[in-house]
Amino acid sequence: MSAPRYWLFKSEPSSFSLSDLKNRPDATEHWDGVRNFQARNFLRDEIKVGDLVFFYHSNIPEPAIVGIAQVVREGYPDFVAWDPQSNYFDPRSTPEKPVWFMVDVRFVSELPRPVTLNELKEIPELAQLPLLNRSRLSIQPVSAEAWDLILRLAGVQG
DNA sequence: GCCAACGTTGGC
DNA sequence: GCCAACGTTGGC
């Protein structure tokens, strides 16, 4: 089995927050509703069971990485896209030819302290982080080096 | 609430 | 295949 890889998932806490994840049954939830092709490709092709995920809160006064989740089920069709009642309905996607994919993630931990976007911007080693230069990508890879650095910023014992 | 950035759509 | 128009994201 290959080493786990690292990702960052963004969510607006008003729609789904880290504590929402923690309070789900089994602390597990489908990461549905992603409607961007590059993010879809990560979900469908790259993200594997066991990979670790930074949970980022966006669209708030102090956007920040607030916690860690782990992938417990890898890429499968996002069935929300088939529900005409859903905001994420997309008639192009069908069970026979799904367009959109999701993974399931489980709550792992809350960071000892959140690492804010402003802090991240101050760190030259993180300049390549997609969060800082591809700010609209909602599912993005994090290098092992960046992962460790951010954990240290968050006060996690290394 | 504003608006810049940028991904997506669709006319040509 | 280009690119203008449009819609959405997300920082501020």
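Residue numbering restarts at 1 for every chain, and letters A, B, ... go by the order of the sequence lines. Because only heavy atoms are used, hydrogens play no part in the values below, and waters and symmetry mates are left out as well, while side chains stay in.
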Next on the checklist: Going by side chain to side chain donor-acceptor pair (under 3.5 Å), name the pairs with one or both residues in residues 88-101 of chain A, residues two or more places apart or in two chains.
Outcome noted: W82(A)-S93(A), D90(A)-R92(A), D90(A)-W100(A)
Checklist entry - How does each nucleotide of nucleotides 5-10 of chain C score, in 5' to 3' order, for protein heavy atoms under 4.0 Å: base (B), sugar-phosphate only (S), or none (-)? => result --BBBB
Item to check | R5(A) vs E46(A), salt bridge (charged side-chain N to carboxylate O under 4.0 Å, His left out): CA-CA, chis, key distance, verdict | outcome: CA-CA 9 Å; R5(A) 289 193 291 174; E46(A) 307 271 347; 3.4 Å; yes
Checklist entry - Okay, side chain of R44(A), backbone of E74(A): is any donor-acceptor separation there less than 3.5 Å? => result no
Item to check | Listed once per pair and sorted, the side chain to side chain donor-acceptor pair (under 3.5 Å) pairs that draw on residues 17-28 of chain A, sequence neighbours left out | outcome: S17(A)-S19(A), S17(A)-D20(A), R24(A)-E29(A), T28(A)-R106(A)
Please list each protein N or O that sits under 3.5 Å from an N or O in nucleotides 2-4 of chain B, with the distance.
none

Next on the checklist: Heavy atoms only, 4.0 Å cut-off, all strands: where does R35(A) land among base, sugar-phosphate and nothing?
Outcome noted: nothing
Checklist entry - When clusters are formed by joining ILVMFWY residues with side-chain heavy atoms under 4.5 Å apart, either directly or through shared neighbours, do F9(A) and L21(A) land in the same one? => result yes
Next on the checklist: What's R92(A) touching, base or sugar-phosphate or nothing? Going by heavy atoms closer than 4.0 Å.
Outcome noted: sugar-phosphate
Checklist entry - Can you get from F54(A) to L126(A) by hopping between Ile, Leu, Val, Met, Phe, Trp and Tyr side chains that sit under 4.5 Å apart? => result yes
Checklist entry - side chain to side chain donor-acceptor pair (under 3.5 Å): which pairs involve residues 57-69 of chain A, sequence neighbours left out? => result E12(A)-N59(A)
Checklist entry - Residues in salt bridge (Lys or Arg N to Asp or Glu O under 4.0 Å) with R73(A), at least two apart? => result none
